[in-house]
Amino acid sequence: MEKQRTRRVAAHEVKAAGEVLQQAVVELKGGKVERYYPFTDELPQTEWLGGTILIEDDCAYWNGIKLK
C-alpha cells in the first residue's frame with residue numbers, strides 16, 4: 001500500500017465554514033482537507049496559489065478546480 005503524501009498549498013485567503021482567513025495554508029491528503037491555518041512562517045514544500053481557496057465538505061477548490 002502506497003503512503004499518501006500531504007500536499008500543502010497557500011493563498012491570499014481561505015474561505016471555510018463561514019470564516020475567511022487571510023494569508024492561509026491548506027493541507028490536503030488524498031484529495032481531502034486535513035487542516036487549514038493562518039500562514040505565520042515560511043513552510044517547506046508549500047505551493048503558493050494566490051487568490052482564494054474555498055473549502056466545502058472536506059474538499060478544497062481554487063478557481064473552480066478541485067485540489068488533490
Engineer: Give a yes or no answer on whether the side chain of H12 reaches the backbone of G51 with a donor-acceptor pair at less than 3.5 Å.
Structural biologist: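 Side chain of H12 to backbone of G51, a donor-acceptor pair under 3.5 Å: yes, one is there.
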
Engineer: What are the two closest heavy atoms between L49 and W62, and how far apart are they?
Structural biologist: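 Shortest heavy-atom contact: O-CZ2, 3.2 Å.
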
Engineer: Would a hydrophobic clustering, with Ile, Leu, Val, Met, Phe, Trp and Tyr connected at side-chain separations under 4.5 Å, put I53 with L21?
Structural biologist: yes

Engineer: For the residue pair V33 and C59, what are the closest heavy atoms and their distance?
Structural biologist: CG2-C, 3.8 Å

Engineer: Could you please spell out the steps behind the side-chain contact (heavy atoms from CB on, under 4.5 Å) verdict for E34 and T6?
Structural biologist: CA-CA 9 Å; E34 289 284 302; T6 298; 5.6 Å; no

Engineer: Which pair of non-hydrogen atoms, one from T46 and one from V9, has the smallest distance, and what is that distance?
Structural biologist: CG2-C, 4.2 Å

Engineer: According to a hydrophobic-cluster definition based on side-chain heavy atoms being under 4.5 Å apart (Ile, Leu, Val, Met, Phe, Trp, Tyr only), do V14 and V25 belong together?
Structural biologist: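 No, because V14 and V25 fall into different hydrophobic clusters, even though each may have its own neighbours under 4.5 Å.
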
Engineer: To the nearest 0.5 Å, tell me how far L28 CG sits from R5 CZ.
Structural biologist: 10.0 Å

Engineer: Can you tell me if Q45 has over 12 outside heavy atoms packed within less than 6.0 Å of its CD?
Structural biologist: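 It does not: Q45 CD has 12 such atoms or fewer within range.
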
Engineer: Tell me the salt bridge (Lys or Arg N to Asp or Glu O under 4.0 Å) pairs involving residues 14-29, sequence neighbours left out?
Structural biologist: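 For residues 14-29: R8-E27, E13-K15, E27-R35.
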
